[in-house]
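What follows is a set of notes on a single structure, which appears directly below.
Bear in mind that the values here come from a model prediction, so they are computed numbers and not experimental data.
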Amino acid sequence: MAQAVYLQTYGCQMNERDSEEILGMLGAQGYVVVDREEDADVILLNTCSVRAHAEERAFGKMGLMQKLKRERPSLVLGILGCMAKAQREEVFRRLPQVDLVAGPAEIYDLPDLLAGVAERRQRAGLGAGARMLAVDRKVRPLERRPTTDYRAGQVTAFVTIMEGCDKKCAYCIVPTTRGHEVSRPVNEILEEIQQLALAGYRQVTLLGQNVNSYGKRFLDGSGWVGPGRRRALLQLAARTGEAAASSDGAPAPPRLVDFPALLRAIDSKTSIDRIRFTTSHPFDAHAELFRAMAECQAVCEFLHLPVQSGSDRILRAMRRGYTAGTYLGQLARLRALVPHVALSTDIIVGFPGETDADFEATCALMERVRYDSAFVFKYSPRPGTEAAGWPDDVPQTVKERRNQAVLELQSRISHEKLEAWVGREVEVLVEERNRRGQLTGKSRSNTTVVLEGSDDLIGELVPVRVARVTGTTMIGDPVDRPASAR
Ligand code: 5AD
Ligand code: SF4
């Protein structure tokens with residue numbers, strides 16, 4: 001009989017996409033996907049390590065799953081993803097019934113690993129966990145990406161363009177969990193997106209830990225390797241008459257393709273209607289990215305550009321590679337090119353050594369930028385990171401207070417910015433019906449829009465007049481006009 005698999009995902013969109021790939025692979029092996037743990041033969045958690053809280057949720061959930069296994073010893077339990085890599089032995093220590101611990105780079109080994117678990121358990125008998133540990137790869141072997149696929153949605157799709165992260169932000173566990181950066185070949189990405197477009201998808205979100213360093217290193221060792229090297233290659237290309245990657249979207253030698261060139265290629269060579277991307281590191285976001293955003297019709301006017309702090313002292317300690325001033329300069333250039341661009345950010349409060357004055361600088365920056373939305377996090381020391389070696393010296397109560405203050409500040413600004421849309425027309429990509437039965441979708445600026453209408457509108461780009469706003473949502477009515485007019 002077919003094995004039934006239950007998979008729960010924690011963390012970021014990269015993890016969501018990895019989970020889709022996992023289900024695609026297992027589906028091709030004959031597994032069926034179930035949405036209740038009780039019905040599963042295999043329970044997998046695709047975990048996140050970015051903050052202690054995310055890890056504790058996964059530990060708690062797997063603790064409950066161990067109870068199920070006591071009643072049903074044939075059950076297979078697996079911890080996958082970032083926590084598998086970051087906590088390795090700790091997982092087996094705290095969760096002795098777990099059979100498999102496999103990191104993000106081992107995702108394509110999963111069918112073999114699960115077969116290995118079955119074999120081990122056959123030999124050793126049921127009961128205890130098989131205790132298979134697979135976390136040693138430094139780079140995800142992208143060439144082994146399966147052709148089988150599974151997608152959670154039917155209108156929008158995630159497309160991973162690069163894996164891993166070469167940055168060394170002092171607080172961040174991701175370079176440890178996801179390994180070195182490696183980019184997928186341009187042609188493969190273009191093919192995947194065109195296939196999605198032909199299958200009826202209207203929007204892709206390009207995913208990577210730092211999409212702006214796309215093209216730095218490909219699996220065959222080519223790539224532009226670093227900013228200085230990229231400049232040198234472009235000069236060489238100009239001298240030898242090779243097409244410059246970023247100038248016109250023409251096919252470029254693979255070693256010269258950077259993220260703006262990739263955006264231009266997707267915009268000009270595929271028929272996808274909307275392109276989004278996440279996440280961007282300000283250090284690698286250049287004017288050429290902003291020009292590509294301005295000139296590519298399909299690229300939505302929205303940028304998530306995590307600033308983390310408004311204090312130069314803290315930014316230096318975080319090893320972010322920019323100052324508040326250079327960051328604001330980038331946004332000014334972007335806004336000159338894409339006037340109504342919507343912006344979002346990530347903020348960490350309570351980083352080691354953060355004083356009241358540092359915190360005020362963050363609030364001042366947020367007032368200056370006036371983001372449309374912001375994700376706010378209380379600093380959480382991650383074992384193995386540089387900052388974990390420093391005193392976590394901002395008291396929890398102060399972290400809470402700063403967290404609350406930033407949320408209130410952002411909520412006021414978000415509301416003011418949202419109100420300014422009332423009476424205006426926005427293009428909405430209608431995605432689904434919400435629990436109340438209303439149609440919902442997203443504007444190009446990434447705001448949720450609620451409207452009335454028939455199911456025919458799902459998957460369509462619909463012009464909508466914004467009637468009012470509540471919380472973080474726009475409410476509007478379709479404008480009676482062909483959807484192609486933007
Ligand atoms: N503590 C708190 N927040 C963190 N982030 C990353 N690491 C930590 C940490 N140790 C936040 C950053 C990042 C987002 C995904 O999570 O703001 O941009
Ligand atoms: Fe969590 Fe970061 Fe891993 Fe995504 S990459 S799952 S946010 S630790």
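With rounding to the nearest 0.5 Å, the separation of CG in L45 from CD1 in I79 is 5.0 Å. Of the inter-residue distances, the one linking E20 atom CD with T160 atom OG1 reads 8.5 Å to the nearest 0.5 angstrom. The CG atom of D312 sits 5.0 Å away from atom OG1 of T323, with the distance rounded to the nearest 0.5 Å. Note: I275 CD1 to I193 CD1 = 6.5 Å, rounded to the nearest 0.5 Å. In this structure, CE on M14 lies 10.0 Å from SG on C48, to the nearest 0.5 angstrom.
Partners of E37 according to the salt bridge (Lys or Arg N to Asp or Glu O under 4.0 Å) rule, which considers only residues two or more places apart in sequence or in another chain, are K61. In this structure, the side-chain hydrogen bond (donor to acceptor under 3.5 Å, both in side chains) partners of R93, at least two apart in sequence or on a different chain, are E90. Residues that satisfy the ring-ring contact (aromatic ring centres under 6.0 Å, His included) test with Y214, not counting sequence neighbours, are F218. Looking at residues two or more places apart in sequence or on another chain, you find a ring-ring contact (aromatic ring centres under 6.0 Å, His included) between F259 and F277. Residues meeting the side-chain hydrogen bond (donor to acceptor under 3.5 Å, both in side chains) test with E192, sequence neighbours left out: R145, R151, R184. Scanning for side-chain hydrogen bond (donor to acceptor under 3.5 Å, both in side chains) contacts around D136 gives an empty result, with sequence neighbours left out. For the ring-ring contact (aromatic ring centres under 6.0 Å, His included) test, no residue two or more places apart in sequence or in another chain qualifies with Y371. In this view, R276 and Q203, T205, R274, C300, F302, K442, N446 satisfy the side-chain contact (heavy atoms from CB on, under 4.5 Å) rule, not counting sequence neighbours. Y31 meets the ring-ring contact (aromatic ring centres under 6.0 Å, His included) test with no other residue; sequence neighbours excluded. Among residues two or more places apart in sequence or in another chain, the salt bridge (Lys or Arg N to Asp or Glu O under 4.0 Å) test is passed with D35 by none. Listed by chain and residue number, K399 satisfy the salt bridge (Lys or Arg N to Asp or Glu O under 4.0 Å) test with D392 (two or more places apart in sequence, or in another chain). For T9, the side-chain hydrogen bond (donor to acceptor under 3.5 Å, both in side chains) partners at least two apart in sequence or on another chain are S19.
Screening Q13, E16, M162 for a side chain to side chain contact (heavy atoms under 4.5 Å, CB included) involving L207 leaves a single residue, Q13. Of the residues listed (R319, R382, R320), the one engaging Y171 in a side chain to side chain donor-acceptor pair (under 3.5 Å) is R320, and it is the only one. Of the candidates L305, T326, V307, T345, L305 is the only one forming a side chain to side chain contact (heavy atoms under 4.5 Å, CB included) with P282.
A donor-acceptor pair under 3.5 Å is formed between the side chain of D41 and the backbone N or O of A4. The backbone N or O of E181 lies less than 3.5 Å from a partner atom in the side chain of D166, making a donor-acceptor pair. In this structure a side-chain-to-backbone donor-acceptor pair under 3.5 Å is missing from S311 to D358. A donor-acceptor distance shorter than 3.5 angstrom exists from the side chain of N210 to the backbone of H281, with no hydrogens or angles considered. At distances below 3.5 Å, at least one donor-acceptor pair connects side-chain atoms of T47 with backbone N or O atoms of M83. Between the side chain of R202 and the backbone N or O of G459, at least one donor-acceptor pair lies under 3.5 Å.
Classification of E119 and R123 as a salt-bridged pair holds, one side-chain N sitting under 4.0 Å from a carboxylate O. Between R131 and D99 no salt bridge is recorded (no basic side-chain N to carboxylate O distance below 4.0 Å).
Taking 4.5 Å as the limit, every side-chain heavy atom of V34 sits out of range of all side-chain heavy atoms of V5. Looking only at side-chain heavy atoms (C-beta outward), Y10 and N46 stay at 4.5 Å or farther from each other. D346 places none of its side-chain heavy atoms less than 4.5 Å from the side chain of I348.
Between A84 and V135, the shortest heavy-atom contact is O-CG1, 3.7 Å.
Proximity of the aromatic rings of F351 and Y379 is defined here by a centroid distance below 6.0 angstrom, and this criterion is met.
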task: Carefully, step by step, assess Q396 and K378 under the rule side chain to side chain contact (heavy atoms under 4.5 Å, CB included).
output: CA-CA 9 Å; Q396 194 58 27; K378 285 171 276 185; 4.1 Å; yes
field: salt bridge (charged side-chain N to carboxylate O under 4.0 Å, His left out) between E163 and R178, worked out
entry: CA-CA 7 Å; E163 235 323 290; R178 291 220 169 226; 3.0 Å; yes
query: Should E21 and R17 be marked as a salt bridge (charged side-chain N to carboxylate O under 4.0 Å, His left out) after you check the CA-CA gap, both sets of side-chain angles, and the distance that decides it?
result: CA-CA 6 Å; E21 286 199 339; R17 176 62 192 139; 3.7 Å; yes
message: Checking E56 against R94 for the salt bridge (charged side-chain N to carboxylate O under 4.0 Å, His left out) test, could you report, in this order, the C-alpha distance in whole Å, the side-chain angles of both residues, the deciding distance, and whether it holds?
response: CA-CA 11 Å; E56 284 314 316; R94 284 179 61 180; 3.0 Å; yes
field: Evaluation steps, salt bridge (charged side-chain N to carboxylate O under 4.0 Å, His left out), between D109 and R140
entry: CA-CA 10 Å; D109 302 322; R140 181 179 292 192; over 6 Å; no
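Within a 6.0 Å radius of CZ in R368, no more than 12 heavy atoms belonging to other residues, nucleotides or ligands are found.
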